[in-house]
Amino acid sequence: MGRTSKSGKGGKALLFLILAAVVVFAFFAITKAKQAADDDVKFSMGTNAERVDFLNRQGWIVKPDPISREDVVIPSEFNDMYKEYAELQLSQGFNLENYKGKEAELITYLVLNYPGYTDGVMANMLICDNRLIGGEVFLDEENGFTEPLITKNTSTFLNEGAETASEIVAETTAAEADGE
């Protein structure tokens, strides 16, 4: 009766190896998924077409040509106002701490489909080394607003009867040609 089973130890070792393999696989899968998500947020913005396409994917239909482009330097030290701006960017997954002292380009587009506004709403894109590192949608007037460029519900929020990007751009271009 005092038999010891060698297969008991071997079975436990095999179970441990399988469990370890599952843990390692899960770690790599999670790391890969996080990298893919980071790449989606920060994909190449080297051309105007890439930037406009990105904005459209976020639900923002913009006039295709930027209304301004400005070379900027991310401050080496953030004052209170820039700390607030950096927090807005961090809420979207952009960490401006990584870009302190670096040159960037601030590109501004006119948003054509912001609910309740027919004019004046703009989208800023902060680009460094052809990568999006920040951005916001804003109305720069009294009682204006500033909000994240990227939100989980942007598309849902804007799809309440929204037209397609090409229809809105065509209507805006035609109205400008007519002198409206």
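For reference, positions follow the sequence shown, starting with 1.
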Is it possible for you to say whether Leu88 and Val72 belong to one hydrophobic cluster, with membership spreading through side-chain heavy-atom contacts below 4.5 Å?
no
Residues Asn48, Arg51; criterion side-chain contact (heavy atoms from CB on, under 4.5 Å); working and verdict:
CA-CA 5 Å; Asn48 189 57; Arg51 292 186 295 272; 3.6 Å; yes
Taking the six-membered ring where the residue is Trp, are the ring centres of Phe54 and Tyr109 under 6.0 Å apart?
no
For Trp60 against Leu149, the heavy-atom pair lying closest together
NE1-O, 3.0 Å
Value for CG (Leu132) from CE (Met45), rounded to nearest 0.5 Å, stands at 4.5 Å
Separation between CE of Met122 and CD1 of Ile107, rounded to the nearest 0.5 Å
15.5 Å
Do Asn124 side-chain atoms and Leu106 backbone N/O form a donor-acceptor pair below 3.5 Å?
no
Do any side-chain atoms of residues 74-82 form donor-acceptor pairs under 3.5 angstrom with protein atoms, and if so which ones, sequence neighbours left out?
from  : atom 1 : to    : atom 2 : distance (Å)
Asn79 : OD1    : Met81 : N      : 3.1
Asn79 : OD1    : Tyr82 : N      : 2.7

Drop me the distance from Lys102's NZ to Leu96's CG, to the nearest 0.5 angstrom.
11.5 Å
Applying the 4.5 Å side-chain criterion to the ILVMFWY set and letting contacts propagate, would Ile67 and Phe138 be lumped into a single cluster?
yes
Working note: Phe94 + Ile150, criterion side-chain contact (heavy atoms from CB on, under 4.5 Å); need CA distance, chi angles, decisive distance, verdict.
CA-CA 10 Å; Phe94 301 119; Ile150 301 171; 3.6 Å; yes
Quick one: pull up OH in Tyr117 and CG in Leu112 and give me the separation to the nearest 0.5 Å.
16.0 Å
Would you sort out whether Asn113 and Val121 count as a side-chain contact (heavy atoms from CB on, under 4.5 Å), showing the intermediate values?
CA-CA 9 Å; Asn113 67 326; Val121 177; over 6 Å; no
Can a donor-acceptor pair be found between the side chains of Tyr99 and Gln89 at a distance below 3.5 Å?
no
Contact summary for Pro64 and Val52, nearest pair of heavy atoms
O-CG2, 3.5 Å
Note: Arg131 and Ser44 closest approach over all heavy atoms is NH1-N, 3.5 Å
Worked check of side-chain contact (heavy atoms from CB on, under 4.5 Å) between Asn98 and Ile133:
CA-CA 9 Å; Asn98 299 333; Ile133 64 168; over 6 Å; no
How about CG on Asp129, more than 12 heavy atoms from neighbouring residues, nucleotides or ligands closer than 6.0 Å, or not?
no
Just how far is it from atom CG of Leu90 to atom CD of Glu87, taken to the nearest 0.5 Å?
8.0 Å
Which heavy atom of Leu139 sits nearest a heavy atom of Gly120, and at what distance?
CD1-O, 3.4 Å
Distance (rounded to the nearest 0.5 Å) between Glu147 CD and Gln92 CD
9.5 Å
For Glu70, which residues count as a salt bridge (charged side-chain N to carboxylate O under 4.0 Å, His left out) partner, sequence neighbours excluded?
none
